[in-house]
Amino acid sequence: MENMGAAGPNNDILDEIFNRTINSKSIFLNRDVLRNDYIPDHILFRDDQISQFGSILAPILRGNKPSNIFLYGKTGTGKTVVARYVTKKLYERVLKLNLNIKFLYINTRLASTQYKMLVELGAQLDISLPFTGLSLSEAASRIFEKMKRDSINTIIILDEIDYIVKNYDDNILYEFTRVNNELLNGNFISIIGISNDLKFKEYLDPRVLSGLSEEEMVFPPYTVDELEAILTDRIRAAFRPGVVSESAVKLCASLAASEHGDARRAVDLLRVAGELAEREGSDVVDTDHITKASRSIERDRTYEVIRSLPLHGKLILAAVLAAPEDINTGRLYSNYTSMARSLGIEPLTQRRISGILSELDVLGVVNAPVVSNGRFGRSKRVKLVVPREVVSRALQEDELISSILK
DNA sequence: CCTCCACTGGAAACCTAGGCTC
DNA sequence: GAGCCTAGGTTTCCAGTGGAGG
C-alpha cells in the first residue's frame, strides 16, 4: 500500500462518493421502518386479530393463564408482527404492574433442531445449556426448574412451528403443553404457535393439537389494495415526501400480491429498491428500482442459502452444476462420488444423497421430482432452478470446493 | 397385460460427541 | 476416569413402484 494517503485517482473517486453522501439529502427519513424486524406502532387491516389476540392474552395481567393460541396463515400475512406487537404492548403493562412475566420468542426454523430450540429458550431465561450431551427432557426440565425457582410466568411464541414438527416429532411440544400441572406454585406457560402451513395440524398428535390450539386465529392474505395502503403508510415514515413514485408503489404491491399477498415481501422490495436508488444517487424510487430489487432479493436469498449449506450439500450442488442438463440420481451420485474422492472426502451413501436432494428441493435450489422412465427405472430428475452464476459464485466461497470448480 | 429397471423412502441400527453419575 | 445416556446425522436393509418395452 505504497500510495496510501497519496492523492491519486482512487482518492478522487472515493472523495466524490463520500462527498455525495454527505452533501446530498438521503432519500430516507428512517430506513429502520422497512427492516424485517420492525414492529410498527399501528398495524393496518388486522384490527380484528389484534383485539382477539389481545383479549385472549389479557387475563395474564390478573395473574391467570391465557389460553394457548394457534395462529395460521401464509407468509407475510401479519402473524408474527401481530404477535410481537401485542406482546410488546402487553409487556409495557407488565412492567408497569411489576409482574414477573417473560415473553420468549423462538423461530423454530432458524433454531433448526429441537435441542437448539431449547438452548435458545434457555438463553432467553439466562440459563446456559451445553450444546450437546443433555437429553431433551433434561434440557426442558432445567428450563422449567428455572421458571419455578424464579416464579416466572412465560408466554412463548414459537414461530414457524410447522418446521420443527415436520422434521422431528411433537414430544417437546407435548411437554410444554402439559407442564402447567407440574409447575404448580401458580406458574404457567402459555404457548403461541405460529404456522405458515394450513395443513400443519395433520402432523400433530391429537393430544398436542388440542393442547396447543385452545384458541385459533386465521390470517387471510392481503389484497392488492391493502398492500398498497400498507406500503403507502410505511413510505410516509421511511422516505422523504415524493421520493417513491405512485407507479412504483403499485408495481410493488402487485408483485407481492401475486405471491399470495405477502406484505413482508412488499416491504422488502421497497427497502431494497430504496437502497438501490440511493446508491445510484437517484432522488426518486421508480418502477425500475422495484424490478431490480425483485431480482436482487432473489439472488441474495439463493446465495445465502447455498453458502450456508453443509459440505455435502455443496458438493452435490457442484455436481449438479457440472451436469449439462437434467440429471438423474444415479449419474449425479457417481459424479458426486468422484468429486468427493478427488478432494479426499469420503462420499456419503446414495440413500443419504437422495435425502439431501429432497432437502435442496424444499429449499428451492433444485427441482427434483421423481419420474419414471419405464423400463429404465424410477429416479429423481434433478434440475437447477436458480441462476447457475449465483450457485457458482456461492460455491466459490467455500475454499475446498472452489478448487474443483475449474 | 405383464415385466422389470433404478431407484425411492420408511424403519431401524449404528456412530459420534459430549454431559452426567459415581 | 469408567460407564452410561441422548440427539442428531448417517448407514444398512429392503419392500414398493410408474410406466416403456415386450
Side-chain angles (χ1 to χ4, degrees), chain A residues 106-123 125-146 149 158 160-176 179 199 202-205 208 305-306 308-317 319-320 323 325-341 343-363 365-383 398 400:
Chain A
I106 299 276
N107 182 314
T108 68
R109 187 171 51 81
L110 300 182
S112 79
T113 68
Q114 303 187 85
Y115 189 82
K116 282 186 192 152
M117 181 182 120
L118 292 177
V119 170
E120 178 65 19
L121 277 176
L125 287 168
D126 295 322
I127 51 177
S128 69
L129 299 167
F131 74 93
T132 171
L134 298 184
S135 68
L136 286 173
S137 56
E138 172 61 21
S141 64
R142 287 194 191 185
I143 289 172
F144 298 149
E145 204 43 52
K146 164 80 175 178
R149 192 169 355 111
L158 298 175
E160 305 198 50
I161 195 175
D162 44 327
Y163 180 88
I164 210 89
V165 176
K166 277 181 204 162
N167 287 286
Y168 299 90
D169 54 31
D170 47 17
N171 287 340
I172 9 151
L173 288 185
Y174 183 62
E175 293 223 24
F176 274 91
V179 75
K199 287 182 300 182
E202 294 164 16
Y203 295 89
L204 280 176
D205 184 305
V208 181
V305 166
I306 296 173
S308 57
L309 240 34
L311 177 64
H312 289 280
K314 287 182 183 168
L315 269 172
I316 294 165
L317 266 189
V320 176
E325 261 292 312
D326 302 7
I327 185 167
N328 65 344
T329 310
R331 288 204 43 176
L332 183 62
Y333 183 67
S334 65
N335 290 356
Y336 152 82
T337 7
S338 55
M339 278 174 131
R341 291 240 165 75
L343 292 173
I345 300 166
E346 196 54 36
L348 302 179
T349 56
Q350 184 160 330
R351 173 72 188 86
R352 181 67 190 125
I353 295 318
S354 177
I356 293 178
L357 278 172
S358 302
E359 289 165 27
L360 291 176
D361 193 339
V362 171
L363 286 172
V365 179
V366 300
N367 183 246
V370 178
V371 294
S372 173
N373 299 304
R375 172 127 304 215
F376 309 104
R378 238 167 133 245
S379 164
K380 287 191 167 90
R381 189 181 57 212
V382 185
K383 190 164 75 180
D398 189 300
L400 204 54

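Hydrogens, waters and symmetry mates play no part in the numbers below; they use all other heavy atoms, side chains included. The sequence lines fix the lettering, A, B, ..., with proteins before strands; numbering per chain opens at 1.
The side-chain contact (heavy atoms from CB on, under 4.5 Å) with Y336(A) is formed by just one residue from the set Q350(A), R331(A), H312(A); it is H312(A).
If you check residues 126-133 of chain A against DNA chain B, the residues with a heavy atom closer than 4.0 Å are P130(A), F131(A), T132(A), G133(A), listed by number.
Across every non-hydrogen atom of A323(A) and I327(A), the tightest pair is CB-CD1, 3.7 Å. The nearest pair of heavy atoms linking V382(A) to A368(A) is CG2-CB, 4.2 Å.
Considering only residues two or more places apart in sequence or on other chains, T337(A) meets the side-chain contact (heavy atoms from CB on, under 4.5 Å) condition with Y333(A), S334(A), R341(A), P347(A). The side-chain contact (heavy atoms from CB on, under 4.5 Å) test applied to L136(A) returns Q114(A), Y115(A), L118(A), not counting sequence neighbours.
Each of R142(A) and G330(A) has a nearest nucleotide on DNA chain B; the 5'-most of these lies closest to G330(A).
For the pair V366(A)/L317(A), a side-chain contact is recorded, criterion being any heavy-atom separation below 4.5 Å from C-beta on. Here the side chains of L309(A) and L360(A) are in contact, with some heavy-atom distance below 4.5 Å. Here the side chains of L173(A) and I161(A) are in contact, with some heavy-atom distance below 4.5 Å.
A distance of 15.0 Å separates CZ in R142(A) from CG in L121(A), rounded to the nearest 0.5 Å. Note that CD1 of I316(A) is 4.0 Å distant from CD1 of I356(A), once rounded to the nearest 0.5 Å.
The closest donor-acceptor contact from the side chain of T108(A) to the backbone of E160(A) lies under 3.5 Å.
Every stem involving DNA chain B, taken as at least 3 paired positions in a row under the Watson-Crick or G-U wobble test at 3.5 Å, is listed here: B:1-22 with C:1-22.
Between N373(A) atom CG and dT17(C) atom P the separation is 18 Å, expressed in whole Å. Residue R378(A) contributes atom CZ, which lies 13 Å from atom P of dG16(C) at whole-angstrom precision. Rounded to an integer number of Å, the gap from OH of Y163(A) to P of dG8(C) is 11 Å.
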Pairs: protein N or O with nucleotides 10-12 of chain C N or O, under 3.5 Å:
unit_1: dT10(C); atom_1: OP2; unit_2: R352(A); atom_2: NE; d: 2.7
unit_1: dT10(C); atom_1: OP2; unit_2: R352(A); atom_2: NH2; d: 2.7
unit_1: dT11(C); atom_1: OP2; unit_2: T349(A); atom_2: N; d: 3.0
unit_1: dT11(C); atom_1: OP2; unit_2: T349(A); atom_2: OG1; d: 3.0

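Under the 4.0 Å criterion applied to side-chain N and carboxylate O atoms, K116(A) and E120(A) are not assigned as salt-bridge partners. Comment: E325(A) does not engage R381(A) in a salt bridge, judged by the lack of any side-chain N to carboxylate O separation of less than 4.0 angstrom.
Close approach of DNA chain B to chain A, defined as any atom under 4.0 Å from a non-hydrogen atom of the protein, starts and stops at dT3(B) to dC20(B).
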